[in-house]
Protein chains: 2
Amino acid sequence: MKQPLSSTEENYLKAIFKVCERSDKPASTNDVAILLNTKAASVTDMLKRLSEKSLINYMKYKGVTLTDTGKIIATSLIRKHRLWEVFLTDKLSFGWEEVHEIAEQLEHIQSKELTNRLEEFLDHPKFDPHGDPIPDREGKFEYRQQVLLADLNKNTNSVIVGVNEHGTEFLQYLEKLNLILGSKLVVLDTFTYDNSLLVRVNDQSEQTISAKVAKNIFVQKI
Amino acid sequence: MKQPLSSTEENYLKAIFKVCERSDKPASTNDVAILLNTKAASVTDMLKRLSEKSLINYMKYKGVTLTDTGKIIATSLIRKHRLWEVFLTDKLSFGWEEVHEIAEQLEHIQSKELTNRLEEFLDHPKFDPHGDPIPDREGKFEYRQQVLLADLNKNTNSVIVGVNEHGTEFLQYLEKLNLILGSKLVVLDTFTYDNSLLVRVNDQSEQTISAKVAKNIFVQKI
DNA sequence: AAATATTTTTAGACTAACCTAAAAACACAT
DNA sequence: ATGTGTTTTTAGGTTAGTCTAAAAATATTT
């Protein structure tokens, strides 16, 4: 009988997935250590164990990637995390800045049936409250063609569809600026001095946005 | 900074609460070991640690009781467990025999806000799907005046309000017999030979019920 | 009250997950 | 290619939680 993975092991798989997601290159020990806020030595320890279980491809000094089995587990965790986030915002009226932490716990609940019924109950949402895509039962993601606000051309109509950072402070700040998912945006001007932007929001107010913020907002052209 | 209890520690508190709930006497090491399906030596170990944290009153060879703090934590766990069970049956259409296992995991999610909002979302239920009372925020239980079906007088109208055992097999069996919460019952006859009962269910069918089953059903006179 | 049986605790060992400090491997600049 | 600096691994130690086997305390029986 093979018992389920511990939450710790699951978190390692998720971290490796996240590091590899964009870059496609193997994740380094350090990448994982930083993401999990732990030490490199601890990571090496765990990599050996996960490798033993055929969940990762690991060779000393060469970095780590997920095996197919590892990928399935990682995407299932992301699926659960994001579905629970939708539950918390849509059904329990939590703010989008409050849900991440709770979902970090809920994603480790083991019950396929629960996940699938939750998805049903929520009407098969395709994106979570931060605009991240929710993988389906088979682990397939529906990616969008989105672009960073910082890279958007002048005078192009767009809508906010996601964020590139999930920290509470950032999300609360965005809300205060009235920059939430679905907000309509047009860049009216860009200032090369500090790379800040002048934007019109929802065809009403105009405001400037710092480069740092603009690099953490995803928009879609319309 | 005092960090939250581990799930293991929480489970010990819950077990001690359960043993002490009815009897009022201190729980023995063995009681706890049996309930948690572990060994007495492990329990002794843990009792020392929980005592250190002032969550239990423990004296060698004398058994264990919960301190006020320990009781608060234990009832909070029961509250969460039962609220989640209501969620699973009422919102996700799980059967009453399926919810216990999943709720065992969900009860360890740490977020007061989540529990309170869940309660709100479920319309402040007073009882879980098995008829057990759900403690309020302050940990107060609303007990009912209920009686075992086995102790019910002949020809007394009653309603099933709870069960004394939560095993999957028993609950599925009850459902097959059409004995669910809310079913109306009248004992028409009792057979001293094997202490089985002849009952009328919902003013319709008549059937016999074994002594073992009758000892695990709670009814309320009407 | 002594003998026996049961329960509980101690002693010692194991695993998972972490850490620090030192050694080994790798990267890369001169 | 040699030396320097960074990254990764090893070595060894810690804590939580578990176990078995033996010792100690309590309970029961005669």
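Quick note on labels: first sequence line is chain A, next is B, and so on, each numbered from 1.
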Subject >> Whole-Å gap separating C1' (D/dG17) and CG (B/Leu5) >> reply: 15 Å
Subject >> Pairs involving residues 54-82 of chain A, ordered by first then second residue, that meet ring pair (Phe, Tyr, Trp, His ring centres under 6.0 Å) (sequence neighbours left out) >> reply: A/His81-A/His100
Subject >> Partner residues of A/Ala211 under the side-chain contact (heavy atoms from CB on, under 4.5 Å) criterion, sequence neighbours left out >> reply: A/Asn195
Subject >> Distance below 4.0 Å between B/Thr29 side-chain N/O and C/dT9 OP1 or OP2 >> reply: yes
**OP:** Measure the distance from CG on A/Asn11 to C1' on C/dA16 and round it to the nearest whole Å.
**Re:** 15 Å
Original post:
Below 6.0 angstrom between ring centroids: does that apply to A/Phe94 and A/Phe87?
Top reply: no
Subject >> Nucleotide D/dT7, atom C1' - distance to NZ of A/Lys25 in whole Å >> reply: 18 Å
Original post:
Please, which pairs that meet ring pair (Phe, Tyr, Trp, His ring centres under 6.0 Å) have at least one residue in residues 103-136 of chain B, sequence neighbours excluded?
Top reply: B/His130-B/His166
Please write out each protein N/O paired with an N/O of nucleotides 25-27 of chain C under 3.5 Å, distance rounded to 0.1 Å.
residue: C/dA25; atom: O4'; partner: A/Tyr61; partner atom: OH; Å: 3.3

**OP:** List in chain and number order the residues that pass ring pair (Phe, Tyr, Trp, His ring centres under 6.0 Å) with B/Tyr143, two or more places apart in sequence or in another chain; answer none if no residue qualifies.
**Re:** B/Phe141
Subject >> Heavy-atom donor-acceptor pair, A/Thr67 side chain to A/Ser54 backbone, under 3.5 Å >> reply: yes
**OP:** Mind checking the CG-NZ spacing from B/Leu149 to B/Lys215? Nearest 0.5 Å is all I need.
**Re:** 11.5 Å
Subject >> Separation of atom CE in B/Met46 from atom P in C/dT9, rounded to whole Å >> reply: 15 Å
Original post:
Within this structure, what is the CG-to-P distance between B/Leu47 and C/dT9, rounded to whole angstrom?
Top reply: 7 Å
Original post:
Once you round it to whole Å, what is the distance between P of D/dT8 and CG of A/Asp31?
Top reply: 7 Å
**OP:** Determine: side-chain N/O of A/Ser6 to OP1/OP2 of C/dA16, distance under 4.0 Å, yes or no.
**Re:** no
**OP:** Measure from the side chain of B/Thr44, starting at C-beta and using heavy atoms only, and say which of D/dT10, C/dA17, C/dT9 lies closest.
**Re:** C/dT9
Subject >> First of B/Met59 and A/Ser7 reached from the 5' end of DNA chain C, by closest nucleotide >> reply: B/Met59
Original post:
Do you know which of B/Arg82, B/Glu85, B/Glu97 makes side chain to side chain contact (heavy atoms under 4.5 Å, CB included) with B/Pro129?
Top reply: B/Glu85
Subject >> Electrostatic pair B/Glu9-B/Lys53, nearest N-O below 4.0 angstrom >> reply: yes
**OP:** Take atom CD of A/Glu52 and atom P of C/dT15, then tell me their distance rounded to the nearest Å.
**Re:** 14 Å
**OP:** Calculate the interatomic distance between B/Tyr58 atom OH and C/dT10 atom C1'; express it in whole Å.
**Re:** 11 Å
**OP:** Using only side-chain N and O atoms of B/Ser28, determine if any of them is under 4.0 Å from OP1 or OP2 of C/dT7.
**Re:** no
Original post:
Near DNA chain D, which residues from residues 35-42 of chain A have a heavy atom under 4.0 Å away?
Top reply: A/Ala40, A/Ala41
Original post:
Counting just side-chain N and O atoms, does B/Asn30 come under 4.0 Å of either OP1 or OP2 of C/dT8?
Top reply: yes
